[in-house]
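In what follows, residues are counted from 1 in the order of the sequence shown.
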Amino acid sequence: MAGIYIHIPFCRQACHYCNFYFTTSPARREQLVGAIIHEAELTRDYLCGEVIETIYLGGGTPTMLEKGQIQQILEGIYKWYPDVNLKELTIEANPDDLTDEKVAELTSLRALGLNRLSIGVQSFHEVDLIYMNRAHNATEALDAIERVQAAGFSNLTIDLIYGTPSMSDEAWRLNIRKAFELGIPHISSYALTVEPKTYLDKNIRTGRVLPVDDAQSSRQFDILMEEMAAHGYDQYEISNFALPGHRAVHNTNYWRGTKYLGLGPSAHSYDGSSRRWNVANNDAYIRTIISDGEVPYETEILTPAQRANEYIMTSLRTMWGCDLTNEQIINYNDQIRQSLANMDHGHYILQDKVIKLTQAGKHYADRIASELFVDEP
Ligand code: SF4
């Protein structure tokens, strides 16, 4: 089984914290769609005939494409990857895009398998949305959710961001509870991070906006975990929470190391032994595929230690934990156990050869993973 991710790099406006590849220029959408379909053809052997279980249209903002364009992409994928047993087809959307007309378009895309929406809400409070420079306001966020629910989309996930300097702990709790009240079955929630070279980074450095406070983020992460647990959501990955039956199949497969193909500029792919990533530039992407008939990507063949480290990094973030009997790390158990012995014992539990993070440890997941990283024997 495998998944396909399609990166649609168009956004209405630049959110100040964002470091994904996107453009606010709507130019060349038609050509980009053509190039993505051609890339599907050029890469049709990449997944070696694995059955496609999930498709994820992300970005960027995929709903900035017209319905016909999304339809063309999906039909192109089904043409070049005919071995499909689709469990999940997700599309990301922003609240300002989810007009009555767009929701009607999405509804008609169900015929092509669309069965899940991921909505970039980020906050139900105006002041946070302004701080992040989101294109929507709080009313639009609520209206969008009600509109898609009324259209029958029940398999929904929303993104919420905490740690915004404009947000008190109480306001954060209200944000989470608003999601419960709206009956959202899956929530992805991330701390606001200041990535280099973003507007947020620049605005903080020049004193135009307040900086992000780590202690606030940490408190709000604890509030998130408490609220989710109290309302029956599994924290099946550090930033992902689901009611029973609503875990994301696409992302879960990714965390479990299944193969995936990424189509579109900046998209990443993994075939079990190597990673590759497409050029993060619309013009270069379109030109190379359409004119040269080649996919512009760079690739890296992973060494056994790199594969082990990737497994450590992703598995530790999940509720299933890092299994010392997993084939990726079975030959590195001595190194891992040695590193564990030097770590804060309050940050993890080792039981039945599986390492899991405690709630305290979840605050330091990336650091703990890197402390467990292995070298070639
Ligand atoms: S909508 Fe998403 S991809 Fe686009 S700028 Fe905002 S965060 Fe980035």
Side-chain angles (χ1 to χ4, degrees), residues 3 5 53-59 61-63 85-98 102-107 109-110 112-125 128 134 136 138-162 172-191 220-256 258 317-320 359 362:
Y5 171 81
E53 261 196 352
T54 60
I55 297 176
Y56 193 103
L57 283 142
T61 312
T63 46
N85 180 12
L86 203 59
K87 290 197 173 154
E88 185 183 273
L89 197 169
T90 306
I91 189 166
E92 289 181 351
N94 281 326
D96 44 301
D97 273 329
L98 291 169
K102 185 58 78 180
V103 172
E105 288 180 12
L106 294 176
T107 303
L109 287 169
R110 281 186 172 139
L112 286 172
L114 179 66
N115 58 11
R116 186 167 182 268
L117 297 186
S118 171
I119 306 178
V121 170
Q122 317 310 351
S123 175
F124 292 106
H125 301 297
D128 307 325
R134 294 290 302 183
H136 66 275
T139 309
E140 283 172 318
L142 289 174
D143 288 351
I145 291 171
E146 281 165 11
R147 205 171 279 132
V148 297
Q149 286 176 326
F153 284 101
S154 54
N155 197 5
L156 284 184
T157 179
I158 64 169
D159 289 347
L160 290 177
I161 288 181
Y162 56 91
W172 173 230
R173 209 179 279 281
L174 289 175
N175 253 348
I176 304 168
R177 290 191 177 169
K178 178 56 81 179
F180 299 150
E181 208 179 287
L182 290 164
I184 307 292
H186 185 285
I187 295 166
S188 297
S189 187
Y190 305 91
Q220 293 184 350
F221 183 40
D222 277 329
I223 292 171
L224 174 70
M225 290 192 277
E226 279 162 26
E227 287 285 335
M228 291 293 168
H231 289 82
Y233 287 69
D234 275 341
Q235 186 177 16
Y236 70 110
E237 198 266 353
I238 279 193
S239 305
N240 286 276
F241 302 82
L243 288 177
H246 287 277
R247 289 180 198 151
V249 183
H250 183 84
N251 289 355
T252 303
N253 286 350
Y254 164 76
W255 297 319
R256 290 188 149 172
T258 60
R317 294 178 60 90
T318 68
M319 66 189 284
W320 303 283
Q359 177 159 335
K362 286 175 184 168

*Heavy atoms only: give me the nearest His136-Ala141 pair and the separation to one decimal.*
CD2-CB, 4.0 Å
*asked:* With rounding to the nearest 0.5 angstrom, report the CZ to OG distance, Arg116 to Ser154.
replied: 11.5 Å
*What's the spacing between Ile91 CD1 and Leu109 CG if we round to 0.5 Å?*
7.0 Å
*asked:* Just to verify, what does Asp96 make a salt bridge (charged side-chain N to carboxylate O under 4.0 Å, His left out) with, not counting sequence neighbours?
replied: Arg12
_For Tyr190 and Gln122: C-alpha separation, side-chain torsions, deciding distance, then whether side chain to side chain contact (heavy atoms under 4.5 Å, CB included) applies._
CA-CA 9 Å; Tyr190 305 91; Gln122 317 310 351; over 6 Å; no
_For a 4.5 angstrom cut-off between non-hydrogen side-chain atoms, does Thr54 reach Asn251?_
no
*For the residue pair Arg134 and Asn94, establish whether any side-chain heavy-atom pair is separated by less than 4.5 Å.*
yes
*Counting only N and O atoms by type, is there a donor-acceptor contact under 3.5 Å from the side chain of Ser189 to the main-chain atoms of Leu160?*
yes
_Separation between CG of Asp234 and CZ of Arg247, rounded to the nearest 0.5 Å_ = 5.0 Å
*asked:* To the closest 0.5 Å, what do you measure between CG (Leu98) and CD1 (Ile145)?
replied: 9.5 Å
_Checking the side chain of Lys87 only, and the main-chain atoms of Val249 only, is there a donor and an acceptor separated by less than 3.5 Å?_
no
*Any chance you could measure Thr90, atom OG1, to His250, atom NE2, to the nearest 0.5 Å?*
7.5 Å
*Please name all residues satisfying side-chain hydrogen bond (donor to acceptor under 3.5 Å, both in side chains) with Glu237, sequence neighbours left out, ordered by chain then number.*
Asn240, Arg317
*asked:* Could you check whether any side-chain N or O of Gln149 sits under 3.5 Å from a backbone N or O of Leu182, counting only pairs where one atom can act as donor and the other as acceptor?
replied: yes
_With side chain to side chain contact (heavy atoms under 4.5 Å, CB included) as the criterion, how do Leu89 and Leu112 come out once you've worked through the C-alpha distance, each side chain's angles and the decisive distance to 0.1 Å?_
CA-CA 9 Å; Leu89 197 169; Leu112 286 172; 5.5 Å; no
*asked:* Tell me whether Thr258 contacts the main-chain N or O of Asn253 through its side chain, where contact means a donor paired with an acceptor under 3.5 Å.
replied: yes
*Residues two or more places apart in sequence or in another chain: which of them pass ring-ring contact (aromatic ring centres under 6.0 Å, His included) with His186?*
Tyr236
*Less than 4.5 Å apart, any side-chain heavy atom of Asp159 and any of Glu92?*
no
*Euclidean distance, Ile161 CD1 relative to Asp128 CG, rounded to 0.5 Å*: 9.5 Å
_Pairing residues for Leu243 by the side chain to side chain contact (heavy atoms under 4.5 Å, CB included) criterion, not counting sequence neighbours_ = Pro185, Tyr233, His246
*What do the steps show when you test Thr63 against Glu105 for side chain to side chain contact (heavy atoms under 4.5 Å, CB included), and what is the final call?*
CA-CA 10 Å; Thr63 46; Glu105 288 180 12; over 6 Å; no
*Residue list, salt bridge (charged side-chain N to carboxylate O under 4.0 Å, His left out) with Asp222, at least two apart or on another chain*: none
*Verify the distance criterion only: is there a donor paired with an acceptor across the side chains of Tyr56 and Glu88 at less than 3.5 Å?*
no
*Does any N or O in the side chain of Asn175 come within less than 3.5 Å of the main-chain N or O of Phe124, such that one atom is a donor and the other an acceptor?*
yes
*asked:* Taking the cut-offs as 6.0 angstrom to the six-membered ring centre and 45 degrees off its axis, would you call Arg110 and Phe153 a cation-pi pair?
replied: yes
*Show your working on side chain to side chain contact (heavy atoms under 4.5 Å, CB included) between Leu86 and Ile55 and close with a plain yes or no.*
CA-CA 8 Å; Leu86 203 59; Ile55 297 176; 3.9 Å; yes
*Considering only heavy atoms from C-beta outward, does the side chain of Ile238 approach that of Phe221 to under 4.5 Å?*
yes
*side chain to side chain contact (heavy atoms under 4.5 Å, CB included) with Arg173: which residues, sequence neighbours excluded?*
Glu170, Arg177, Ile223, Glu226, Glu227
*Hey, does Pro95 have a side-chain heavy atom less than 4.5 Å from the side chain of Asp143?*
no
